[in-house]
**Q** 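Please see the structure below; I have some questions.
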Amino acid sequence: MTIPVILEDLQAAFPGWCIWRSSAGRLWATRNGRRLSRHEVDHGLSQTIDADDVAQLAEQLKGQRTAEEALSSPPQRDGGHMRKGATLVGDTLLDQ
């Protein structure tokens, strides 16, 4: 994915986020329509992020997308066994 150069491009690339520039010129993004669970926050997801410029915000948003995909992917198993010290809750593998 190329780095969006204007806020409209960034908003189009990340539709699950509300993106704006503050009166101080800082860029902000917050998730639209849902609050994160403690579990999601503990695994690297953020409700709101900020950056100095569009490129930095785009990188953070890509990182959030990657973290969200990793969190929602099926648990990794080792030879048919879960990792030692892990608990499977639904489709989520929790490290203890």
Side-chain angles (χ1 to χ4, degrees):
M1 177 174 131
T2 60
I3 300 295
V5 294
I6 58 174
L7 291 184
E8 289 81 8
D9 291 341
L10 197 58
Q11 187 65 66
F14 299 95
W17 293 81
C18 176
I19 301 168
W20 74 97
R21 186 180 304 275
S22 72
S23 60
R26 191 140 182 88
L27 294 172
W28 294 83
T30 194
R31 292 178 185 271
N32 281 332
R34 79 176 184 98
R35 299 289 303 167
L36 296 176
S37 69
R38 170 59 41 209
H39 174 75
E40 290 171 313
V41 171
D42 289 347
H43 285 83
L45 299 183
S46 298
Q47 191 70 41
T48 302
I49 55 178
D50 66 318
D52 291 326
D53 58 41
V54 172
Q56 285 180 354
L57 192 62
E59 287 301 317
Q60 288 189 50
L61 288 165
K62 287 187 335 190
Q64 287 292 299
R65 179 184 289 161
T66 299
E68 195 163 5
E69 288 168 354
L71 190 58
S72 66
S73 66
Q76 298 295 315
R77 296 175 185 260
D78 181 21
H81 302 283
M82 289 189 300
R83 293 190 306 261
K84 186 175 182 176
T87 302
L88 186 62
V89 177
D91 289 330
T92 304
L93 187 63
L94 303 174
D95 290 315
Q96 296 179 350

**Q** Please enumerate all residues that pass side chain to side chain contact (heavy atoms under 4.5 Å, CB included) together with D50, with sequence neighbours excluded.
**A**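 Expected list: R26, W28.
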
**Q** Work out which heavy atom in A70 is nearest to a heavy atom in S73; give both atom names and the distance.
**A**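 Closest pair (atom of A70, atom of S73, distance): O-OG, 2.9 Å.
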
**Q** So, taking the atom named CD1 in I49 and the one named CD in Q56, what distance separates them when rounded to the nearest 0.5 Å?
**A**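 CD of Q56 is found 11.0 Å from CD1 of I49.
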
**Q** Any side-chain heavy-atom pair from L61 and I19 closer than 4.5 angstrom?
**A**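 A side-chain contact exists here, since the closest heavy-atom pair is under 4.5 Å.
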
**Q** I'd like to check Q64 versus W17 (side-chain heavy atoms, cut-off strictly below 4.5 Å). Are they in contact?
**A**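 Touching, per the 4.5 Å side-chain cut-off.
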
**Q** Applying side-chain contact (heavy atoms from CB on, under 4.5 Å), run through L27 and L10 and close with a yes or a no.
**A** CA-CA 11 Å; L27 294 172; L10 197 58; 5.6 Å; no

**Q** Verify the neighbour count for atom CZ of R35: are there more than 12 heavy atoms of other residues, nucleotides or ligands below 6.0 Å?
**A**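 Atom CZ in R35 is not crowded, with 12 or fewer foreign heavy atoms closer than 6.0 Å.
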
**Q** As an exercise, state the distance from OG of S72 to CD of E40, rounded to the nearest 0.5 Å.
**A**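 If I round to the nearest 0.5 Å, the distance is 9.5 Å.
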
**Q** Is there a donor-acceptor pair under 3.5 Å between the side chain of R31 and the backbone N or O of S46?
**A**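 Side chain of R31 to backbone of S46, a donor-acceptor pair under 3.5 Å: yes, one is there.
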
**Q** Assigning hydrophobic clusters by single linkage (Ile, Leu, Val, Met, Phe, Trp, Tyr; side-chain heavy-atom cutoff under 4.5 Å), is L57 placed with W20?
**A**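 L57 and W20: separate clusters.
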
**Q** So, are R65 and E68 salt-bridged, with charged N and O less than 4.0 Å apart?
**A**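 Salt bridge: no.
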
**Q** Is the side chain of Q47 donor-acceptor paired with the backbone N or O of L36 at a distance under 3.5 Å, no angle test?
**A**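 Answer holds: yes.
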
**Q** Taking atom CG of L71 and atom OG1 of T66, what is their separation to the nearest 0.5 Å?
**A**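 Answer for the CG-OG1 pair, L71 versus T66, is 12.5 Å.
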
**Q** I'd like to check the side chain to side chain contact (heavy atoms under 4.5 Å, CB included) partners of D42; sequence neighbours left out, ordered by chain and number.
**A**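 If we apply the side chain to side chain contact (heavy atoms under 4.5 Å, CB included) test to D42, skipping adjacent residues, the hits are R38.
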
